[in-house]
K.L.:
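This is the structure I have questions about; it appears just below.
Along the sequence shown, the residues carry numbers beginning at 1.
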Amino acid sequence: MAETSGLQTPLWRAIAVYRIAALVYVAILVVRNVGAYERPMLAWPVLALTAGWTVFTTYAYAVPARRKPPLLIADLLVTMAVMASSAWIVGPQALKDGKPTLAVAWHVAPVIAWAVAGGRRWGIVAALAMGATDLVVRNHYDQAAFTGTVLMLLAALAVGYLVGIAEVSQRRLERAIQLEAATRERERLARDIHDSVLQVLALVKRRGAGLDGEAGEIARLAGEQEAALRTLVTGRATEPVDEGADVDLMTLLDPYASATVSVAAPAGAVRLPSRAATEIAAAVAAALDNVTRHCAPDTKVWVLVEDEPSSVTVSVRDDGCGIAPDRLAEAESQGRLGVAQSIRGRMSDLHGTVRITSAPGQGTEVELTVPRTP
């Protein structure tokens, strides 16, 4: 069933208004044509049932929790029963002479309700069921008889399509609201961080810029962390609203290129869903950060991207100090989860794999593979 959203509320109100207006039209036709019916006395109880069901459905559909298959099926069956009674009450001869059924115009309401609740497919099912009942009751198959069924099918298609657009618009609106709230919170945090942490890091960087030894190393690290923190609090504002939209992975990896980091990629764009590309870029950033933290400043790093039909593989290889065989397990046991969470965790969320090849003094290679199949 289609999701119930605030954008559907006006449609349900419109159905209630239409049903009431159709009931008034039915009552007028019964009063005018009751003399031509075969069993005129039975027309009044059916009209009373029609009025009662109109009141019931008006209140029932007003609550979103009640717009479920039981109520929809009951609405369709009651309307079909009212229409079917026309064959006995109005009579075949009167129907053949052009007299309308007891559910004329009123029988379209459940078709529209099905289209609003379940989209075009549900609306088409209800329209076919109601149209078949109408044809059986009229017992003649000409252009005039088929017109009503065709009109119901068109109404079901149009309303179902409108509901689909409304649901997409609702999801995009909610996403835009969430993004706006996140952006405002990020801007607030950026102001607070700028007034405290960034200023301290910038001060440490300036004071220790010309020093040697550990003081100079601390100044260098402070400068790197200042740049990373500025990117964190300002760079996410460019994220696309639609997380399922395709982006070029290289637009996220190319900024990592530097004098010590070489990025190699295919000639064409490497298109991936936005979320997958963002997670891969974050995992690569974590791998590069490990090189910065644990290797010499002049360590060379090569980032290689391989675009295959079934998967995308990103390799991060360095010629640094390497990793001892038990170092990763030891770090995880100590609560240092850089590789476990920043790399393996991200790839696991994407149903990808991580392969780490390393030995002390021989560098490290981190291979990230993500399948293209969702």
K.L.:
For the residue pair D134 and R138, establish whether any side-chain heavy-atom pair is separated by less than 4.5 Å.
P.N.:
yes
K.L.:
Closer than 3.5 angstrom, by distance alone: can the side chain of T369 be matched with the main-chain N or O of T313 as a donor-acceptor pair?
P.N.:
no
K.L.:
For I20, what are the other residues in its hydrophobic cluster, where any two members join if their side-chain heavy atoms are less than 4.5 angstrom apart?
P.N.:
none
K.L.:
What are the two closest heavy atoms between G320 and D318, and how far apart are they?
P.N.:
N-OD1, 2.8 Å
K.L.:
Between R344 and D349, does any NZ, NE, NH1 or NH2 come within less than 4.0 Å of an OD or OE carboxylate oxygen?
P.N.:
no
K.L.:
Are L49 and M83 linked, directly or through intermediate hydrophobic residues, by side-chain heavy-atom contacts shorter than 4.5 Å (ILVMFWY only)?
P.N.:
yes
K.L.:
Would you mind listing the cluster partners of Y59? Hydrophobic ones only (ILVMFWY), side-chain contacts under 4.5 Å, chaining allowed.
P.N.:
V55
K.L.:
Can you list every salt bridge (Lys or Arg N to Asp or Glu O under 4.0 Å) pair that touches residues 33-42, not counting sequence neighbours?
P.N.:
none
K.L.:
Hey, are E367 and R355 close enough for a salt bridge, meaning a charged N less than 4.0 Å from a carboxylate O?
P.N.:
yes
K.L.:
Group every Ile, Leu, Val, Met, Phe, Trp and Tyr by side-chain heavy-atom contacts under 4.5 Å, then state whether V111 and L157 land in the same group.
P.N.:
no
K.L.:
R346 vs E279, test: salt bridge (Lys or Arg N to Asp or Glu O under 4.0 Å). Steps then yes/no.
P.N.:
CA-CA 6 Å; R346 284 188 166 94; E279 292 297 311; 3.2 Å; yes
K.L.:
For residues V82 and H107, determine if any side-chain heavy atom of one lies less than 4.5 Å from a side-chain heavy atom of the other.
P.N.:
no
K.L.:
Under a single-linkage rule joining Ile, Leu, Val, Met, Phe, Trp and Tyr whose side-chain heavy atoms are separated by less than 4.5 Å, which residues share a cluster with V150?
P.N.:
L154
K.L.:
May I ask you to test the L102-Y37 pair for a side-chain heavy-atom distance under 4.5 Å?
P.N.:
yes
K.L.:
Can a donor-acceptor pair be found between the side chains of W106 and T54 at a distance below 3.5 Å?
P.N.:
yes
K.L.:
Just so I know, are the side chains of R271 and D248 near enough to count as touching, which here means a heavy-atom distance under 4.5 Å?
P.N.:
yes
K.L.:
If we only count heavy atoms from C-beta on, is the R67 to V116 side-chain gap below 4.5 Å?
P.N.:
no
K.L.:
May I have all residue pairs that pass salt bridge (Lys or Arg N to Asp or Glu O under 4.0 Å) and include part of residues 16-32, sequence neighbours excluded?
P.N.:
R19-D75
K.L.:
How many angstroms lie between atom CE of M347 and atom CD1 of I343, to the nearest 0.5 angstrom?
P.N.:
8.5 Å
K.L.:
Drop me the distance from M250's CE to L272's CG, to the nearest 0.5 angstrom.
P.N.:
11.0 Å
K.L.:
Could I get the full list of side-chain contact (heavy atoms from CB on, under 4.5 Å) partners for Y25, not counting sequence neighbours?
P.N.:
L29, V104, A105
K.L.:
Looking at every non-hydrogen atom in both residues, tell me the closest pair between V305 and P266 and how far apart they are.
P.N.:
O-CD, 3.3 Å
K.L.:
What are the two closest heavy atoms between P371 and L350, and how far apart are they?
P.N.:
CD-O, 4.0 Å
K.L.:
What's the spacing between L304 CG and L253 CG if we round to 0.5 Å?
P.N.:
11.0 Å
K.L.:
Let me check something: do V90 and V34 share a hydrophobic cluster, defined by ILVMFWY side-chain heavy atoms less than 4.5 Å apart, either directly or through other members?
P.N.:
yes
K.L.:
Okay, side chain of T292, backbone of L288: is any donor-acceptor separation there less than 3.5 Å?
P.N.:
yes
K.L.:
Evaluate the side-chain proximity of T260 to T299: yes if any heavy-atom separation is below 4.5 Å, no if none is.
P.N.:
no
K.L.:
Distance check, rounded to the nearest 0.5 Å: I28 atom CD1 versus L23 atom CG?
P.N.:
10.0 Å
